[in-house]
Amino acid sequence: MDSGPEELMPRLLPVDDFDLPDDYDPAVPPRTPQEYLRRVQIEAARCPDVVIAQIDPKKLRKKQTVSISLSGCLPAPEGYAPSLRWQQQQVAQFSTARQSLNKHRSHWRSQPLDSNVTMPNTEDEESWKKFCLGERLYSDLAAALNSESQNPGIDYIKVGFPPLLSIVSRMSQATVTSVLEYLVNWFQDRNFTPELGRWLYALLACLEKPLLPEAHSLIRQLARRCSQVRAAVEHREDERVSALNLFICLVGRYFEQRDLADCGDPS
């Protein structure tokens, strides 16, 4: 029995029987809704029941394996992992910060930037890294510190601009994701710094949920890198431990990447 147009999925736009004009030409663009629906039926009827892909085996010999890192975070050294209660507190505070940012975004976007603030273009990776982290991370640190001692006051060009609300509120989601990518990639072969930490926190607070695939991959990469740096810290009193724990916590708990989260004691 020929099922005709009845397929696995029911019709969403049933077409009643109707008479087409004698001069109806399926090659001519449809002029009425009925002709359009009839055209769809005709095209569907012409589709073969089974389609066999023509595959050239020679093309499969090259680049047929895609490497994807599925590794989780390194376990925290003994005594370094935060408690579950601490993690819950950080998630609550982070959630409050995100809500406040979203609520007042329009207000802060309307505030004028200081005359010395020029936000780079989204695609300008090097300028964004210098803008966020400061030029001294790209030059000799000792020389930069000597220069600062002779020049009192904060030089944001050297130390990096803080993620002020008037700045981050102007960033689109595309810019937020791009800058996050620039900083996470920079972090892959460098140590953790306060300048990096404050921007990572601000960018995570600006990420909209549900996450885009790029952002999802980036935050997982961030958590893994934080666990690597934490594992190399010699003393748990090191101030970096708390910051690294925070980012692993936010990725694992707030952004629900549970496989990356520290278990932590209930206390």
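No hydrogens, no waters, no symmetry mates; every other heavy atom, side chains included, goes into these values.
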Nearest atoms (heavy-atom pairs only) where [X] meets [Y]:
| X | Y | value |
| --- | --- | --- |
| Ile219 | Leu211 | CD1-CD1, 3.3 Å |
| Leu207 | Ala215 | CD2-CB, 4.1 Å |
| Phe247 | Gly197 | CZ-O, 3.2 Å |
| Trp86 | Ser83 | N-OG, 3.1 Å |
| Asn185 | Gln221 | OD1-NE2, 3.5 Å |
| Trp128 | Thr175 | CZ2-CG2, 3.8 Å |

Does a salt bridge link Glu125 with Lys129, judged by any charged N lying under 4.0 Å from a carboxylate O? yes
Arg230 with Asp238: basic N within carboxylate O range, under 4.0 Å: no
Using 0.5 Å steps for rounding, measure from the NZ atom of Lys103 to the CD atom of Gln99. 9.5 Å
Starting at CG of Asn245, measure out to CG of Leu250 and round the result to the nearest 0.5 Å. 11.0 Å
According to the salt bridge (Lys or Arg N to Asp or Glu O under 4.0 Å) rule, which pairs have a member within residues 193-208, sequence neighbours left out? Arg136-Glu195
Side chains of [X] and [Y] in contact at under 4.5 Å (non-hydrogen atoms):
| X | Y | answer |
| --- | --- | --- |
| Pro82 | Asp262 | yes |
| Leu204 | Phe94 | yes |
| Met171 | Met119 | yes |

Test side chain to side chain donor-acceptor pair (under 3.5 Å) applied to Arg225 and Gln228, step by step: CA-CA 5 Å; Arg225 177 56 182 163; Gln228 294 170 357; 3.3 Å; yes
Would you please test Arg220 and Asp259 for side chain to side chain contact (heavy atoms under 4.5 Å, CB included) and show each step? CA-CA 10 Å; Arg220 290 183 62 85; Asp259 61 308; 2.7 Å; yes
Is there a side chain to side chain contact (heavy atoms under 4.5 Å, CB included) between Leu196 and Asn191 once you walk through the steps? CA-CA 9 Å; Leu196 175 66; Asn191 214 326; over 6 Å; no
For residues 160-168, please give each side-chain donor-acceptor pair under 3.5 Å, one per line with the distance, not counting sequence neighbours.
none

Is there a donor-acceptor contact under 3.5 Å from the side chain of [X] to the main chain of [Y]?
| X | Y | result |
| --- | --- | --- |
| Ser227 | Leu74 | yes |
| Thr177 | Gln173 | yes |
| Gln257 | Phe255 | yes |
| Arg105 | Arg170 | no |
| Arg109 | Ser169 | yes |
| Gln188 | Val184 | yes |

Quick one: does NZ or CZ of Arg236 land under 6.0 Å from the six-membered ring centre of Tyr80, within 45 degrees of the ring axis? no
Would Leu218 end up clustered with Leu222 when hydrophobic side chains under 4.5 Å apart are linked, directly or stepwise? yes
Quick check on the hydrophobic clustering: are Ile248 and Leu203 connected, directly or via other members, by side-chain heavy-atom contacts under 4.5 Å? no
Does the side chain of Ser178 come under 3.5 Å of the side chain of Thr122 through a donor N or O and an acceptor N or O? no
What do the steps show when you test Gln88 against Arg253 for side chain to side chain contact (heavy atoms under 4.5 Å, CB included), and what is the final call? CA-CA 8 Å; Gln88 292 169 340; Arg253 303 288 179 182; over 6 Å; no
Of Arg98, Gln87, Gln90, which is the lone residue that meets side chain to side chain donor-acceptor pair (under 3.5 Å) with Tyr254? Arg98
Take Tyr182 and Cys132 through the side chain to side chain contact (heavy atoms under 4.5 Å, CB included) test and state the conclusion after the steps. CA-CA 10 Å; Tyr182 302 153; Cys132 299; over 6 Å; no
Expected list for residues 111-118: side-chain donor-acceptor pairs under 3.5 angstrom, two or more places apart:
unit_1: Gln111; atom_1: NE2; unit_2: His107; atom_2: O; d: 3.3

